[in-house]
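For reference, the structure is listed below as structure tokens.
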Amino acid sequence: MARLLLFFVFWGLGLSLRASADLPQPRASRLLRLVEPNGTALQGDCLAPQFSASGEGLFFLRPERGSTRSVWFASPLVRPGERYPAWRATPILRSAATLQLTEAVALRGDKKLFLAIGAEVGQPTATQVARAEVSQSVKVRSLWKGSERMSQLAPSPDGATVVFTRYLRDLQGRETPQLWRIGSNARDGKPTLVFKNARRAVWLDDSTLVFERLNGRETAFYALNPFTTAEPRLLLRGSGEGASIGGGEGVIFAASSANAATTSLFLLARDGSGLHSVVGTEGARRPTVSRDGTHLAYDAPDPKNGTRALWLATLAAPQKTVFNPISLRAPKQTARKAAQCQVEPMPLPPPASPTDPADPPRPTPLPTPLPIPTPAPRPVPTPTPVPPSPNNDKADMDVAGTLANIPANGKMHVTFWAKNRGTRVWTPDDVRIVVRWVDFDAGTRRRWEYKWMRGIIPPLGQTRIPMDITAPSKPGRYKVIYGLIRLPSKGAQITPPPYDAPQDNWPGEFAATAFAVNVN
């Protein structure tokens, strides 16, 4: 299972490490917009994502009454006129009288099988690990019941075994964590002790478990085979929880560095080497990696309201590199305000163009680029003319190479890819690519520019366009938006909305995608 969490905290150690394993590198993250089946924005915190087995969607948790939670599932939703790909979210498993959910994971990424921790109604002191089967109704079968607190479910990748943490109390009421395992389909079985003074387990493969071991005030991470009596192997001194990455070759985890007040994501090889940070992931928690190793998801604050939202990033091919020293420390535990999380479409305030009103401090607008000569397009069949309609323009699109971190006024080389899913032809005279930088905090567009199409793209045709874009002059966190716009007439000028408009609604835009980028 990809949804296994690791939150390492290194006690101020200065570590200078070289990567010993090739691990996938996360690209820039983008905020997911979640909507309910009726199209309204999903309300409430969105936590602890977990990829489905096929990777086409995400499970996640939402708080309900008190400390209970429900399990939801979200998958991409493509509808005519959508400016950004929304994800439709539907509830899969809710708390019931037989089980008040506090934690749940989908077994092997299956929508019909879940492992959960919770309590029975009327028995608040009794906690159980249970297996829930979802069909026309929900069947709950208890795997183990106890009076102690339980948490941190970690199913093995093959789904046969689940490791969890039991917090046993002594006579003074102090809790001591222990790792236990039990078969995920056990009937009247009893759990087996894996290790004492241990918690926060994550599987690297079906027979290798990484966990945090406590020894007095010191903590360290060890690896062992939970099905044997072999001694655990020390990996790294620290504390936390995270997710397997690179086919079990390493771990991606959330941590606070010595120079940061919030958590970020870090990578570590399975032998304990190669520690380095993932830029642009401030506030990230609970990372999860898809089974095919191509995508990363986590929950982090929505920059518009500070509540927890889901973020998605592509994992690029591994690269060998030498990393700078990193010092990590234990994060400060502060109370988080109860939030009304609304994962809505991010407002897309317009870029500062030469005609925009003053915006102190106002970045220098990009000059309007002159038309550049394009190579003569290959002959294509002339499509049958279709009456103009907004629904006739549709596109699949992606942008490779967007950096998560870039200097102010720096240039970024990206490759734009799009497939014409509509019924109208795209030509350089009537369809343009518009790129704009939206300040997350101010909600205003700081910069924008447009790029020309290359050649003629018929319905179902594809285009791949390399291009350079320039970052704003003001440091900060930005949303970089790439959009496709059909001009009102051939060769018409692009007229952007006001730079401080509450919504960045560009006339004629029919497709877009966005990424989070830090400008230093």
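Since the model is a prediction, treat every value here as computed from it, not as a measurement. Excluded from the calculations below are hydrogen atoms, water molecules and symmetry mates; all remaining heavy atoms, backbone and side chain alike, are included. Note that the numbering runs from 1 along the sequence shown for the chain.
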>> Checking Glu103 against Arg69 for the salt bridge (Lys or Arg N to Asp or Glu O under 4.0 Å) test, could you report, in this order, the C-alpha distance in whole Å, the side-chain angles of both residues, the deciding distance, and whether it holds?
In response: CA-CA 7 Å; Glu103 183 179 340; Arg69 293 178 174 181; over 6 Å; no
>> side chain to side chain contact (heavy atoms under 4.5 Å, CB included), that's the test. Do Asn405 and Val517 meet it? Break it down for me.
In response: CA-CA 6 Å; Asn405 205 42; Val517 176; over 6 Å; no
> After noting the C-alpha distance and the side-chain angles of Leu42 and Val35, does the key distance pass the side chain to side chain contact (heavy atoms under 4.5 Å, CB included) rule?
Replying inline: CA-CA 5 Å; Leu42 187 65; Val35 297; over 6 Å; no
>> Between Asn420 and Gln462, does the side chain to side chain contact (heavy atoms under 4.5 Å, CB included) criterion hold? Intermediate values first, please.
In response: CA-CA 6 Å; Asn420 187 347; Gln462 301 182 33; over 6 Å; no
> Going through the checks in order, is the side chain to side chain contact (heavy atoms under 4.5 Å, CB included) test met by Phe59 and Ser52?
Replying inline: CA-CA 7 Å; Phe59 299 97; Ser52 62; 3.9 Å; yes
> Checking side chain to side chain donor-acceptor pair (under 3.5 Å) for the pair Trp144/Gln128: CA distance, chi angles, key distance, verdict?
Replying inline: CA-CA 5 Å; Trp144 174 254; Gln128 61 176 320; over 6 Å; no
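Listed by chain and number, the residues in a salt bridge (Lys or Arg N to Asp or Glu O under 4.0 Å) with Glu64 are Arg94 (sequence neighbours excluded). By the salt bridge (Lys or Arg N to Asp or Glu O under 4.0 Å) test, Arg166 is found to be paired with Glu148, residues two or more places apart in sequence or in another chain being considered. Among residues two or more places apart in sequence or in another chain, the side chain to side chain contact (heavy atoms under 4.5 Å, CB included) test is passed with Ala297 by Pro49, Phe51, Leu58, Thr288, Leu312. Listed by chain and number, the residues in a side chain to side chain contact (heavy atoms under 4.5 Å, CB included) with Ala471 are Ile406, Trp437, Val519 (sequence neighbours excluded). For Arg30, the salt bridge (Lys or Arg N to Asp or Glu O under 4.0 Å) test picks out no residue, with sequence neighbours left out. Evaluation of the salt bridge (Lys or Arg N to Asp or Glu O under 4.0 Å) rule for Asp205 yields Arg270 as partners, not counting sequence neighbours.
Ring geometry for Phe195 versus Phe211: interplanar angle of 30 to 60°, hence tilted.
Using a cut-off of 4.0 Å between Lys/Arg side-chain N and Asp/Glu carboxylate O, Asp439 and Arg446 are scored as salt-bridged. Comment: Arg285 does not engage Asp299 in a salt bridge, judged by the lack of any side-chain N to carboxylate O separation of less than 4.0 angstrom. The pair Arg200-Glu212 meets the salt-bridge criterion, since a charged nitrogen lies less than 4.0 angstrom from a carboxylate oxygen.
Side-chain atoms of Arg88 do not come within 3.5 Å of backbone N or O of Leu34 as any donor-acceptor pair. The backbone N or O of Gly422 sits nowhere less than 3.5 Å from a side-chain atom of Asp393 that would complete a donor-acceptor pair. Formation of a donor-acceptor pair under 3.5 Å by the Asp302 side chain with backbone atoms of Ala309 is not found in this model.
Summarising the geometry, atom CG belonging to Leu315 is positioned 6.5 Å from atom OG belonging to Ser290; distances are rounded to the nearest 0.5 Å. Interatomic distance, Asp206 CG to Asp158 CG, rounded to the nearest 0.5 Å: 4.0 Å. Between Arg199 atom CZ and Gln152 atom CD the span is 7.5 Å, to the nearest 0.5 Å. Thr513 contributes atom OG1, which lies 9.0 Å from atom OH of Tyr482 (distance to the nearest 0.5 angstrom).
Asn518 and Glu282 share a donor-acceptor pair across their side chains, judged by distance under 3.5 Å alone. A side-chain donor from one of Trp72 and Ser70 sits under 3.5 Å from a side-chain acceptor of the other.
Pro303 approaches Trp311 most closely through the heavy-atom pair CD-CZ2, 3.7 Å.
Between Leu101 and Thr68 there is no side-chain heavy-atom pair separated by less than 4.5 Å. Contact annotation: the side chain of Met150 approaches that of Val129 to within less than 4.5 Å [non-hydrogen atoms, C-beta and beyond]. Asn225 has its side chain out of reach of Thr208: every pair of non-hydrogen atoms, C-beta onward, lies at least 4.5 Å apart. Arg181 is not listed as a side-chain neighbour of Pro191, based on a closest heavy-atom distance of 4.5 Å or more. Looking only at side-chain heavy atoms (C-beta outward), Thr307 and Asp45 come within less than 4.5 Å of each other. You'll find the side chain of Leu107 stays beyond 4.5 Å of the side chain of Phe114, heavy atoms only. You'll find the side chain of Ser156 stays beyond 4.5 Å of the side chain of Val162, heavy atoms only. Within the 4.5 Å cutoff, the side chain of Val163 has no heavy atoms near those of the Trp180 side chain.
A cation-pi arrangement is absent between Arg286 and Tyr298 under the rule of less than 6.0 angstrom and at most 45 degrees off the ring axis. With a 6.0 Å cutoff to the six-membered ring centre and a 45° limit on the axis angle, Arg291 does not count as a cation-pi contact of Trp203.
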